[in-house]
Amino acid sequence: MASASAGRGTLKDAMKRSRLLLTFALALGMIARVSAYLTFGVQVDGRSVTLRWNRLPIRYFVTDRAVPGVSVSQFQAAADRAFGTWQTVPTASVTFQFGGVTSAIPFVDDGITALGFDERPELDRVLAATRYVIDDSTGEIVESDIFFNTLFPWSVASSGEPGRIDFESVALHEIGHVAGLGHSAIGETEMIPGGRRVIAAGSVMFPIAFSFGTIAGRRLQVDDVAGISVLYPDGDFEQETGGIVGRVLKGGRGVFGAHVVAFNPETGKLIANFSLTDQGDFTIAGLDPGPHVIRVEPLDDADVDSFFDPESKVDVDFRATFYDRLVVAPRGGASASIEITVTPK
Amino acid sequence: MSPVVGPSLLGPCPSRMVVAVNTGRRGRACSARVRAALRWQPRRDRGLLTWRVERAAALALLLCGCASGAAWADDKPDPPAAAASQPAPAVRRPGVVRRRSFEIAASGSWVGGAGLGAADAKLIGNSTGTESFTLFSASTRLQSAPGFGASIGFNLTRAIGVEGAVTSSKPVVRTSISGDAEGARTLDVEEDLRQYFFDVSLVWRLKQLAPGDRGAPFLLAGAGYLRQLHEGQTVIENGSLYHLGGGVKYLLFSRAGRLKGVGVRGDARVYIAVGGFGLEQNRRMFGAGGGGLFLVF
């Protein structure tokens, strides 16, 4: 069994991994359909397999540990709301089931998916983290745990609580990881002493949390809905949505790790992905059929290792650029491939 | 002309009696019967029926008058005043509209553009918790474009008609991008849209305002179907159209025969589109105008 983890940070860093054996999979060649959104992938028999649960519902347990401001029952109720938020996405088929309260602590290979508070003073920039246990013969997630760092003050107040982190917002983000989603880069940050501060975010899966006391992270954004629907499509989602494919180039060469955003001028929706090959190939799926504005930007609103392996050669030396035509996402398919040329900063 | 009488009218009189009548040398009883037959019976020559000249002339006049009344050539002059004492044959006055006639038209047009609204790329602000941060702004417009169309109409009366038309155009959808938070340069991005109008109109001709017999202004109103195909023709938008407008027709010439006339027409109209490709508003108004040729049948 292989294991890996992903987590959500606070002021500086977003991701904390240990023993991450994953490669980010484009999944484009896996199935003859348009697929996208940043997901995790594993190598199985020489091919890249998207990390996801093959057996639903995902059964989870809540650790019987409370912290000041959050009792076990409050923890369980808030977690249940967060799971429900993902489950009620109408175009996704992922389901969850509460299994009960357990004394097991997260991040232990015990065969159950457990959520709970844990003391991690060494992770002073990490609010919470998610860890997977993967069947590396199939690429299937078989266990996923979340710990919430007791180093920080937590709140389950319905309107948030000044000076405390909103538990439900962080749980919603981490449960996205449990389902198999990676981070989204739709957001803007600024550098401050000691790290980065988020100015705005367009996705719950943005790696940096909102400030203490904010409950804005309790609501899924369009990009989150697209991601979970692409990973667990329900109904006619794949037939009713479309994708845009293309390549990001700089000086005639492909750009790896460019953040590509599709904006629908009719609905205002923002859905994004990355160029995930050395040739600069990207795919954005889950789009409403119709014309889109395409914007390319470097990954400079969070640390690169919030999204990719540290060894990845992510190019951040270029200017934000718009593609010079509207691109039409067809229903049930992908657009003709486009090429976007960016210029160095 | 000597009367010629066939043997059947004379009963048993032999043929040589005909010669006797002509020459005056014959029997007395047979000649009386022949005179009676000559007075009341049509005359035959070699088996053909021949009318008297005066009857033939009267019938010809009657036939000419009926033909004039049924003819579509309305540009025959009025009968001269000198003939007013006699019943004048029916003559149709020239006019651009003929009752119960069909018209087929082909035209070029200019379809006006319309604003489709603005939509900003919004992110949730950290300090507000609402969509208060604008990543960039976008404003979209459907540009005006030339088009071409065809129509077929039926004139119910000289004043009222119905018309079905199809218009095709290829406007450009232009989205203007500005205000990028990271300083990306502003620009316009476009796609080509193919647009079709299918509509039916009720046409009301304003005869009282007609400048002459050949010209006729008209008003029209109707509704129809809007179909738009995005670039690549992989995404289709549908909607409804409502229009109101007016124009003028002018008959260049008219003739007898199946094709009754050829003319030119021009019209302008205001459309209200409901549905179709649009942004924040679901309906928009735009104008269109054009002109072309029409044929009357």
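Only this structure's heavy atoms are used, side chains among them; waters, hydrogens and symmetry mates stay out. Quick note on labels: first sequence line is chain A, next is B, and so on, each numbered from 1.
- Inspection of the K122(B) and T134(B) side chains reveals an N or O donor paired with an N or O acceptor under 3.5 Å.
- Residue A336(A): no heavy atom, backbone or side chain, is found under 4.5 Å from chain B.
- Only the side chain of D180(B) comes within contact range of chain A, with at least one heavy atom under 4.5 Å from a heavy atom of that chain.
- Interface residue R325(A): backbone and side-chain heavy atoms are both found under 4.5 Å from chain B.
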L326(A) and V293(A): CA distance, side-chain angles, deciding distance, side chain to side chain contact (heavy atoms under 4.5 Å, CB included) verdict: CA-CA 5 Å; L326(A) 289 169; V293(A) 174; 3.7 Å; yes

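- Each of V235(B), I236(B), V173(B), T175(B) has some count of heavy-atom pairs under 4.5 Å with chain A, and the biggest count is that of V235(B).
- Both the backbone and the side chain of I199(A) come within contact range of chain B, with heavy atoms under 4.5 Å apart.
- No side-chain heavy atom of M205(A) sits less than 4.5 Å from a side-chain heavy atom of I186(A).
- Of the possible donor and acceptor atoms, one in the side chain of D223(A) sits under 3.5 Å from a partner among the backbone N and O of A272(A).
- Remark: the D166(A) side chain and the S155(A) side chain contain no N/O donor-acceptor pair separated by less than 3.5 Å.
- Contact record, S158(A) with R218(A): O-NH1, 2.9 Å, taken as the closest heavy-atom pair.
- Most heavy-atom pairs under 4.5 Å with chain A, from the set A138(B), A184(B), S139(B), A181(B): that is A184(B).
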Y271(B) and F286(B): CA distance, side-chain angles, deciding distance, ring pair (Phe, Tyr, Trp, His ring centres under 6.0 Å) verdict: CA-CA 5 Å; Y271(B) 283 98; F286(B) 58 94; 5.3 Å; yes

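- For the atom pair I208(A) CD1 and R125(A) CZ, the distance stands at 11.0 Å (nearest 0.5 Å).
- For F277(B), the parts sitting under 4.5 Å from any heavy atom of chain A are the backbone and the side chain alike.
- Counting heavy-atom pairs closer than 4.5 Å to chain A, the top residue among L193(B), T128(B), I124(B), D188(B) is I124(B).
- Top candidate by heavy-atom pairs under 4.5 Å with chain A, chosen from I177(B), T130(B), L187(B), is I177(B).
- When the candidates P289(A), P291(A), A216(A) are compared by the number of heavy-atom contacts under 4.5 Å with chain B, P291(A) comes out ahead.
- With a threshold of 4.5 angstrom between heavy atoms, S211(A) approaches chain B through its backbone and through its side chain.
- Most heavy-atom pairs under 4.5 Å with chain B, from the set A201(A), G290(A), P330(A), A320(A): that is A201(A).
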